[in-house]
**Student:** 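Below: one structure in structure tokens.
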2 protein chains.
Amino acid sequence: MNILEKISQSQALFSKSERKVAEVILANPQTAIHSSIATLAKMSNVSEPTVNRFCRRLDTKGFPDFKLHLAQSLANGTPYVNRHVEESDGPDEYTKKIFESTMAALEVARQSLDVNIINRVVDLLTQAQKISFFGLGASASVAHDALNKFFRFNVPVVYFDDILMQRMSCMNSSEEDVVVLISHTGRTKSLVEIAQIARGNDATVIGITSKDSPLAKECSLVISLDVPEDTDMYMPMASRIAQLTLIDVLATGFTLRRGTKFRENLKRVKDTLRESRYDKKQQ
Amino acid sequence: MNILEKISQSQALFSKSERKVAEVILANPQTAIHSSIATLAKMSNVSEPTVNRFCRRLDTKGFPDFKLHLAQSLANGTPYVNRHVEESDGPDEYTKKIFESTMAALEVARQSLDVNIINRVVDLLTQAQKISFFGLGASASVAHDALNKFFRFNVPVVYFDDILMQRMSCMNSSEEDVVVLISHTGRTKSLVEIAQIARGNDATVIGITSKDSPLAKECSLVISLDVPEDTDMYMPMASRIAQLTLIDVLATGFTLRRGTKFRENLKRVKDTLRESRYDKKQQ
DNA sequence: AGTCAAGTTGTAATTTTACTACATTTGATG
DNA sequence: CATCAAATGTAGTAAAATTACAACTTGACT
């Protein structure tokens, strides 16, 4: 885990002087990694051994090891998850925080992914007669996006954001069909029911949802995507982005499986759009 | 620049013994960051000062500083932009590449954003009588997502993915209305026309699009979002994610502007969903 | 309030680590 | 093969981190 997050979360664990050290480091981590233990001790108004004890409390081997961890946290593009937006934040602050926590969430999501399952899902998708993408609420737009991607592959794709249409569509599904259900929580009742209907018609049901959820239990195959969600805002944010990126991965896997010739087909689809656009040169 | 890459590229610069050091480090960088200069010297069969000289040749201040740089290169989640998916990539490789390049794209997008414009857009959105989100193709799902977010704020929000509906909606817009148009290229003809119609009806038109595009020219205010897009795949991927994250930023700015009391309102909206879900405990 | 124990913090000595100055080696060139 | 510059190593020095221990807080219980 990112050591900066760990510091801000472990406040309770620290003693008074250790907290002083934590403050100084959090306030200026860049300076911290370039300081010696003596300098840092002086900056925090504590003794050197206190800094050392602080490092060990964070399960590092000592000060140099701690600096290594800190350096990694500070590495470009390794933002910390727990940058919650606060009431007092200005536009520059909340913009930065949201982007950074989104990136961090992607990193976490990537690590939680099971590549073998992705591979099998790509297999199933390439062999499907018809692919359906269903989601509700925030996940509806993800399904919508998936439609947009897979539509270009010249495969029968279906997307509905209406529960009844989703049900009817699943009623008519058959063994060769793949139904992809998207839900962050995996606890949306009507989606679970749809999974059951689809399974009842022998369709392959793939869930993009969280592990061990009711929806996951009803699926033939689950891509579990555990994303740290900032619940302060009462809106799904990072989970959606992770789902979309996963869709990108699946779509990419799909095109790779289909080979180069198929890729040319994609280019043609894209070229078709040209007429609807203003030429780049003409501006 | 990543110091590991730098080492492998600077081979010519090194002396014979220094190259030995480079080899050992490249072979096992994880070990290197946890070794002292003495251990590393022994592993490379060179003297300690040689290791030190090696570090300085790479423009670091000395061995400890070098280790810091190395640690940063090794931090996971340090994405390189130029990780294009290749024909021969397996699932683990393309998954990693897509996630990493998405993260990198977000970082680039964040840096290209103008915070002042974001602030003004948030201003306009909070004051709007009605907010419309329109996009076509891949950007339609982004607009769809925006609907989902702003809908929770108890503001009149409109979203259509049908050109005619979009036009009609804009025809009826007025001075107090804000129309948000989303397009990566900014060269989709019908969207440009819609911008003109909306402007003609005195609505405020906000573009989430690329700078200097035809669409940008027709907007009252443009949030330009320049994203490095992997064109190999002929599909918009990173641009969409950046747009969505921007929507998150706008939505967050919106709620912050409205204050704490408003946030409680959001919680109520979320709680309303409970009935449609399976309880967490019951599983 | 006084005492004691547990926990916290600092001082000073010790050990480890990195760096510097200088000596030796290597190998290329006339 | 003599010479010189570049490369490498040796040994000493300086700096940094860690340890052991002493002094000081804190708060519970008599």
Side-chain angles (χ1 to χ4, degrees), chain A residues 3 6-74, chain B residues 3 6-74:
Chain A
I3 197 126
K6 202 169 175 182
I7 295 175
S8 43
Q9 278 175 26
S10 314
Q11 296 285 350
L13 214 115
F14 297 142
S15 73
K16 212 194 305 172
S17 319
E18 282 167 354
R19 219 161 298 153
K20 282 197 237 171
V21 180
E23 262 175 53
V24 171
I25 291 173
L26 287 176
N28 212 334
Q30 277 296 347
T31 313
I33 58 169
H34 292 113
S35 310
S36 71
I37 195 168
T39 336
L40 199 60
K42 221 172 255 171
M43 284 200 287
S44 322
N45 280 313
V46 297
S47 70
E48 299 183 23
T50 302
V51 177
N52 191 280
R53 283 186 282 259
F54 167 84
C55 297
R56 287 175 202 258
R57 196 165 313 269
L58 291 160
D59 300 314
T60 61
K61 286 194 143 201
F63 184 69
D65 188 41
F66 168 78
K67 283 211 289 190
L68 246 44
H69 282 265
L70 192 58
Q72 298 204 323
S73 304
L74 259 43
Chain B
I3 199 131
K6 198 170 176 180
I7 294 174
S8 44
Q9 280 173 28
S10 314
Q11 297 284 353
L13 214 112
F14 297 141
S15 74
K16 212 195 305 175
S17 318
E18 282 167 353
R19 221 162 296 153
K20 284 196 233 170
V21 181
E23 260 175 53
V24 171
I25 291 173
L26 287 177
N28 210 336
Q30 277 297 346
T31 315
I33 58 169
H34 292 113
S35 311
S36 72
I37 194 167
T39 340
L40 199 61
K42 222 171 258 172
M43 285 199 288
S44 321
N45 281 312
V46 298
S47 69
E48 301 184 21
T50 301
V51 177
N52 192 281
R53 282 186 281 259
F54 167 84
C55 297
R56 287 176 205 263
R57 188 150 339 251
L58 291 159
D59 299 315
T60 62
K61 285 194 143 198
F63 184 68
D65 188 41
F66 168 78
K67 283 212 290 190
L68 247 43
H69 282 267
L70 192 58
Q72 298 204 322
S73 303
L74 260 44

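Convention: sequence-line order gives letters A, B, ...; per-chain numbering from 1. Side chains are part of it too, since the values below use all heavy atoms of this structure and drop only hydrogens, waters and symmetry mates.
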**Student:** Below the 4.0 Å mark, does D/dT26 have OP1 or OP2 next to a side-chain nitrogen or oxygen of A/K16?
**Tutor:**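 So the side-chain polar atoms of A/K16 do come within 4.0 Å of the phosphate oxygens OP1 or OP2 of D/dT26, strictly under.
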
**Student:** Do B/Q30 and B/N28 have side chains that get closer than 4.5 Å, going by heavy atoms?
**Tutor:**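 Side chain of B/Q30 against side chain of B/N28, heavy atoms only: contact under 4.5 Å found.
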
**Student:** Mind checking side-chain contact (heavy atoms from CB on, under 4.5 Å) for A/E48 and listing every partner two or more places apart, or none if nothing turns up?
**Tutor:**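 Residues passing side-chain contact (heavy atoms from CB on, under 4.5 Å) with A/E48: A/I37, A/A38, A/A41.
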
**Student:** Between B/T39 and B/K42, is the side-chain contact (heavy atoms from CB on, under 4.5 Å) condition met? List the steps.
**Tutor:** CA-CA 5 Å; B/T39 340; B/K42 222 171 258 172; 5.7 Å; no

**Student:** Among residues 19-37 of chain B, which ones have heavy-atom contacts with DNA chain C below 4.0 Å?
**Tutor:**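 Within this stretch, B/S36, B/I37 sit under 4.0 Å of the strand.
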
**Student:** Name the nucleic acid region contacted by A/V51, choosing base, sugar-phosphate or nothing; use a 4.0 angstrom heavy-atom cut-off, strictly under.
**Tutor:** nothing

**Student:** Please list, chain by chain and in numerical order, all residues satisfying ring pair (Phe, Tyr, Trp, His ring centres under 6.0 Å) with B/F14, sequence neighbours excluded.
**Tutor:**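 B/F14 satisfies ring pair (Phe, Tyr, Trp, His ring centres under 6.0 Å) with B/F54 only.
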
**Student:** For residues 28-47 of chain A, pull every pair meeting ring-ring contact (aromatic ring centres under 6.0 Å, His included), keeping only residues two or more places apart or in separate chains.
**Tutor:**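 Applying ring-ring contact (aromatic ring centres under 6.0 Å, His included) to every pair that reaches into residues 28-47 of chain A, excluding sequence neighbours, yields nothing.
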
**Student:** If the test is side-chain contact (heavy atoms from CB on, under 4.5 Å), which one of A/V51, A/L26, A/N52 qualifies with A/V21?
**Tutor:** A/V51

**Student:** Hey, which sits more toward the 5' end of DNA chain C by its nearest nucleotide, A/N45 or B/P64?
**Tutor:**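 Residue closer to the 5' terminus by nearest nucleotide: A/N45.
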
**Student:** Find every protein N or O atom lying less than 3.5 Å from an N or O atom of nucleotides 19-24 of chain D, and list the pairs.
**Tutor:**
residue	atom	partner	partner atom	Å
D/dT19	OP2	A/R56	NH2	2.4

**Student:** Tell me, please, the opening and closing nucleotides of DNA chain C, 5' to 3', among those with an atom under 4.0 angstrom from a non-hydrogen atom of chain A.
**Tutor:** C/dT8 to C/dT11

**Student:** Taking only side-chain nitrogens and oxygens of B/S17, does any of them come within less than 4.0 Å of OP1 or OP2 of D/dT8?
**Tutor:** yes

